[in-house]
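By convention in this document, chain letters (A, B, ...) are assigned in the order of the sequence lines, proteins followed by strands, and residues within each chain are numbered from 1. Note that the structure is a prediction, hence the values are computed from the model and not measured.
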Amino acid sequence: MSEAQKLISWYNQQSYDFPWRQNINPYNIWISEIMLQQTQVKTVIPYYMNWMKHYPDIETLQKADINELLYLWQGLGYYSRAKNIHNAANIIFKKFNNKFPDNYKELITLPGIGDYTASMILSICFNKYDHVPIDGNIKRIMSRLNILSLKQETLQNYKISTRNYIDKEKPGDSIQALMDIGREICTPRLPKCDCCPIYKNCKAQMQGTMENYPVRKKKKHIPHYDIAVGLIWKENKFLISKRPQDKLLGNLWELPGGKLEPRESMQECLKREIKEELDIKIKKIKKIGLIKHQYSHMKLTITLFTCIYCSGTAKPLASQEVKWITMKEKKSFAFPRATHKLFELL
DNA sequence: CATTCGTGGTT
DNA sequence: TAACCAAGAAT
């Protein structure tokens, strides 16, 4: 029995029944694959269920409002994924006449779909053999099987080694089997080699050096910033502003404020930022509390103040949208996690 | 090719 | 508990 056949036979004995595997079609797999990018299965499941309830197909999705999509995406992270899905749905519906592309050339042109996702859709939905999806799980498995050095860890190398484990009749099942092994068995730490159907081929397992692969790159220093933000009240409403589309947390709403500059107090910072961004003046600044929040590439300490609107137009100089809303109305806007943490201080 | 994109789980 | 990591893509 070939290695690929061993995998298939192992896969058939397993029972990982995720919602996107219950009715396999390009739309379902596409949405699940986008959500699963750099995101754990456990986290994705409730978002996926909710998404399918609201947008069961491409036609429903393409005519949806991006703000609604973002609202459902709240808390998932990497928010440009929602924007990309929306744009891609429009392209599929209009340019491809609502027929999901079944070839690499067209798939790869869609926003948010890269080599991995295109190959995954082709393998699972269309049972195509000629494109091998390489993700973090498969990299880890192949790196351990072949004890690859940092220099050998190239996409092409991964694809070549992975081919040996793909059954020509059932490419989709082969890939899913590898993903399941990577997630459940060949884990980054404490891999469960006893349960692995292909452990006999694994050079790292022979040496007992599994955790050394894949080779870790040196970590980058993560900067830390202090931020001051304000709940600016006018009557019973406060001000929120929409973040620019193509930057961090694009299209999400937040409380106005900004980064502390050298030799500046937090209160001075808040006044300056609000003057710069919105051209308004405030009074009665009072500290509420602070939260810490970590992104992939920076750490923030955000101090929350309340204050009273004094004068000015509240016209955003940076040309992003602003709104005065009541506390009740805030639950119909999409905010990033950090802003939700700030609201919890109240 | 290195950075920039979030958030929550895990050790 | 700080560090690492998760079904990557875009720039």
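Proximity note for A/Asn84 (side chain, C-beta onward) versus B/dG6, B/dT10, C/dA10: the nearest is C/dA10. Closest to the A/Arg337 side chain, of the nucleotides B/dG8, C/dA9, C/dA7, is B/dG8. If you check C/dA6, B/dG6, C/dA7 against the side chain of A/Leu249, the one that comes closest is B/dG6. Checked against C/dA6, B/dG6, C/dG8, the side chain of A/Pro188 finds its nearest nucleotide in C/dA6. Here C/dG8 is the nucleotide among B/dT4, C/dG8, B/dT7 with the atom lying nearest to any side-chain atom of A/Tyr78. Closest to the side chain of A/Lys219, from the set C/dA7, C/dC4, B/dG6, is C/dC4. In the set B/dT7, B/dG8, C/dA7, the nucleotide with an atom closest to the side chain of A/Gln40 is B/dG8.
Residues A/Arg140 and A/Asn137 have side chains that bring a donor and an acceptor to within less than 3.5 angstrom of each other. Judged purely by distance below 3.5 Å, without hydrogens or angles, the side chains of A/Glu3 and A/Asn201 pair a donor atom with an acceptor atom. For the residue pair A/Glu33 / A/Tyr116, a side-chain donor-acceptor distance below 3.5 Å is found, with atom types taken as modelled. A side-chain donor from one of A/Glu68 and A/Tyr55 sits under 3.5 Å from a side-chain acceptor of the other. The closest side-chain donor-acceptor pair between A/His340 and A/Gln74 falls under 3.5 angstrom.
Distance A/Asp115 CG to C/dA7 P: 18 Å, rounded to the nearest Å. What separates CD of A/Gln37 from P of C/dG8 is a distance of 7 Å, to the nearest Å. The CD-P distance, from A/Glu184 to B/dG9, rounds to 16 Å in whole Å. A/Ile34 places its CD1 atom 9 Å from the C1' atom of C/dA9, with the value rounded to the nearest Å. A/His224 places its NE2 atom 13 Å from the P atom of C/dA3, with the value rounded to the nearest Å. Going from atom NE2 of A/His340 over to atom P of B/dT7 covers 9 Å, rounded to whole Å. The nearest whole Å value for the distance from the CD atom in A/Gln294 to the P atom in C/dC4 is 11 Å. One interatomic measurement links the two molecules: NE2 of A/His221 to P of C/dA3, which rounds to 9 Å at whole-angstrom precision.
Checked by distance alone, A/Ser296 brings a side-chain donor or acceptor within 3.5 Å of a matching partner on the base of B/dG6. You won't find any donor-acceptor pair under 3.5 Å spanning the side chain of A/Thr43 and the base of B/dG9, going by distance alone. With hydrogens and angles left out, the side chain of A/Arg81 and the base of C/dA9 share no donor-acceptor pair within 3.5 Å.
Nucleic acid contact for A/Leu76: base, since at least one base atom lies under 4.0 Å from a heavy atom of the residue. In this structure, A/Trp30 reaches neither bases nor backbone, as no heavy-atom distance under 4.0 Å exists between it and the strands shown. The residue A/Ile113 sits close only to the backbone: its heavy atoms come under 4.0 Å of sugar-phosphate atoms, none of a base. At the heavy-atom level, A/Pro133 lies nowhere under 4.0 Å from the strands shown. Among the protein residues, A/Arg21 comes within range of the nucleic acid bases, having at least one heavy atom under 4.0 Å from a base atom. Looking at heavy-atom distances under 4.0 Å, A/Met179 makes contact with a base. Using a 4.0 Å heavy-atom criterion, one finds that A/Ser32 contacts no nucleic acid atom at all. Within the nucleic acid shown, A/Arg216 comes within 4.0 Å of sugar-phosphate atoms alone, with no base atom in reach, counting heavy atoms only.
Place A/Gln38 and A/Lys42 on DNA chain B by their nearest nucleotides, and A/Gln38 ends up nearer the 5' end. Mapped onto DNA chain C by nearest heavy atom, A/Arg189 and A/Tyr116 fall at different nucleotides, with A/Arg189 at the one closer to the 5' end. Positionally, the nearest nucleotide of DNA chain C for A/Val41 lies more toward the 5' end than for the other of A/Val41 and A/Pro111.
Rounded to a whole angstrom, the distance from the C1' atom of C/dA6 to that of B/dG6 is 12 Å. Using P as the reference atom, C/dA7 and B/dT11 are 14 Å apart when rounded to the nearest Å. For the P atoms, the distance from B/dT3 to C/dC4 is 15 Å, rounded to whole Å. With C1' as the reference atom, C/dA10 and B/dC1 are 13 Å apart, rounded to whole Å.
A heavy-atom distance below 4.5 Å is found between the side chains of A/Ser123 and A/Pro133.
Taking the charged nitrogens against the carboxylate oxygens, A/Glu276 and A/Arg272 do have a contact shorter than 4.0 Å, which makes a salt bridge. For A/Lys275 and A/Asp279, the salt-bridge test passes: some basic side-chain N is under 4.0 Å from an acidic carboxylate O.
Within the 4.0 Å cut-off from OP1 or OP2 of B/dT7, at least one side-chain nitrogen or oxygen of A/His293 is found. Contact annotation: A/Lys217 does not reach the phosphate of B/dA2 (side-chain N/O to OP1 or OP2, under 4.0 Å).
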